[in-house]
2 protein chains.
Amino acid sequence: MTDFSLHERLDGDTLALCHSQTSLLRVMRDGRFAWLVLIPRRAGLADMVDLSTDEEARVMAELRAASLALRAATQCHKLNVASLGNMVRQLHIHIIARFEGDAAWPDPVWGSGEALPLDALPAWAEAVREALLAEGWQA
Amino acid sequence: MTDFSLHERLDGDTLALCHSQTSLLRVMRDGRFAWLVLIPRRAGLADMVDLSTDEEARVMAELRAASLALRAATQCHKLNVASLGNMVRQLHIHIIARFEGDAAWPDPVWGSGEALPLDALPAWAEAVREALLAEGWQA
């Protein structure tokens, strides 16, 4: 994890939620969606395949834990999970709770209208954090 | 894998490429992009977290193999990997080779303009298949 620093744009676009041994978990500053971003804390990662298989197993376990906590907190209809990184190359994985009829449904959330500014953690995010802290993540 | 059948829309939108023990690998019928779709062959799956942890490990190994073969075949700048499923609920994972300046860059490919019809496998897809068959996948 030496030399890792969160990309300036990811830092600006998200709020800190909690972290695991391997990754940061942050909340996208867009109040229209319940939208998490998982960022493995190693410098130089861009694609999922850049993770070693050991790292990938840890990241996938964290992705599963965060996804299940998000689904439980929001009772969403569908999860969207994606590693894109065309604008911010630093590896980051989106986990988004989707509802039929939400602001972008059924399209993907990226590029769909204007974000609704978010300056504090919403209740769903507090519930996700509480669930993950109970599993050993750290605030 | 009993009772699995490929969703009608996924079937129509893609061309068969090859399969593993766990999944189908298909090519999106859009000549603008080198775009694979990996579909785990079990009925009733919608989200990644619906996979058992054993299934997830197999699917992730296949996703890695397909991603590396796609990157090698296309020399792409970035991979986009996503499980969305807002329109077709059956679990399917997109793996897309992205290039600076491609038809959607830097936006995601979904909803970006009109597909360029594709009726036969392009050379990049043949190269991906050849690489995966050498690793034990089946035509």
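Bear in mind the structure is a predicted one, so any value in this text is a computation, not a measurement. Every chain is numbered from 1, with letters handed out A, B, ... down the list of sequences.
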Checklist line | Interface residue of largest heavy-atom contact number with chain A, from B:His77, B:Met60, B:Arg89, B:Met48, under 4.5 Å | finding: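 Among B:His77, B:Met60, B:Arg89, B:Met48, the one with the most close pairs to chain A is B:Met60.
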
Notebook entry, point to check: Picking from B:Gly85, B:Ser67, B:Ala57, B:Ala46, which has the most non-hydrogen pairs under 4.5 angstrom with chain A?
Noted result: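 Going by pairs under 4.5 Å, I would pick B:Gly85.
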
Notebook entry, point to check: Do you reckon A:Leu79 sits in the same ILVMFWY cluster as A:Val37, going by side-chain contacts under 4.5 Å, direct or chained?
Noted result: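 They do not share one cluster, since no chain of ILVMFWY contacts under 4.5 Å joins A:Leu79 to A:Val37.
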
Item checked: Check ion pair B:Arg129-B:Glu126 (N to O, under 4.0 angstrom) ->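 Salt bridge between B:Arg129 and B:Glu126, a charged N being under 4.0 Å from a carboxylate O: yes.
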
Would you say [X] and [Y] make side-chain contact, with heavy atoms under 4.5 Å?
X: B:His19; Y: B:Arg41; answer: yes
X: A:Trp110; Y: B:Asp107; answer: no
X: A:Ile39; Y: A:His92; answer: yes

Notebook entry, point to check: Side chain, backbone, both or neither: which part of B:Leu51 has a heavy atom under 4.5 Å from chain A?
Noted result: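 Contact with chain A: backbone and side chain both.
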
Checklist line | Portion of A:Asp102 that has a non-hydrogen atom of chain B nearer than 4.5 angstrom | finding: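 Looking at A:Asp102, nothing touches chain B.
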
Next item on the list: Find the one option among A:Ile93, A:Val81, A:Leu63, A:Ile96 whose heavy-atom pairs under 4.5 Å with chain B are most numerous.
Entry: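 Sorted descending by pairs with chain B, the first entry is A:Val81.
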
Next item on the list: Between chain B and each of A:Met87, A:Arg71, A:His94, A:Arg64, count heavy-atom pairs under 4.5 Å; write down the option with the most.
Entry: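 When all of A:Met87, A:Arg71, A:His94, A:Arg64 are compared, A:Arg64 has the most.
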
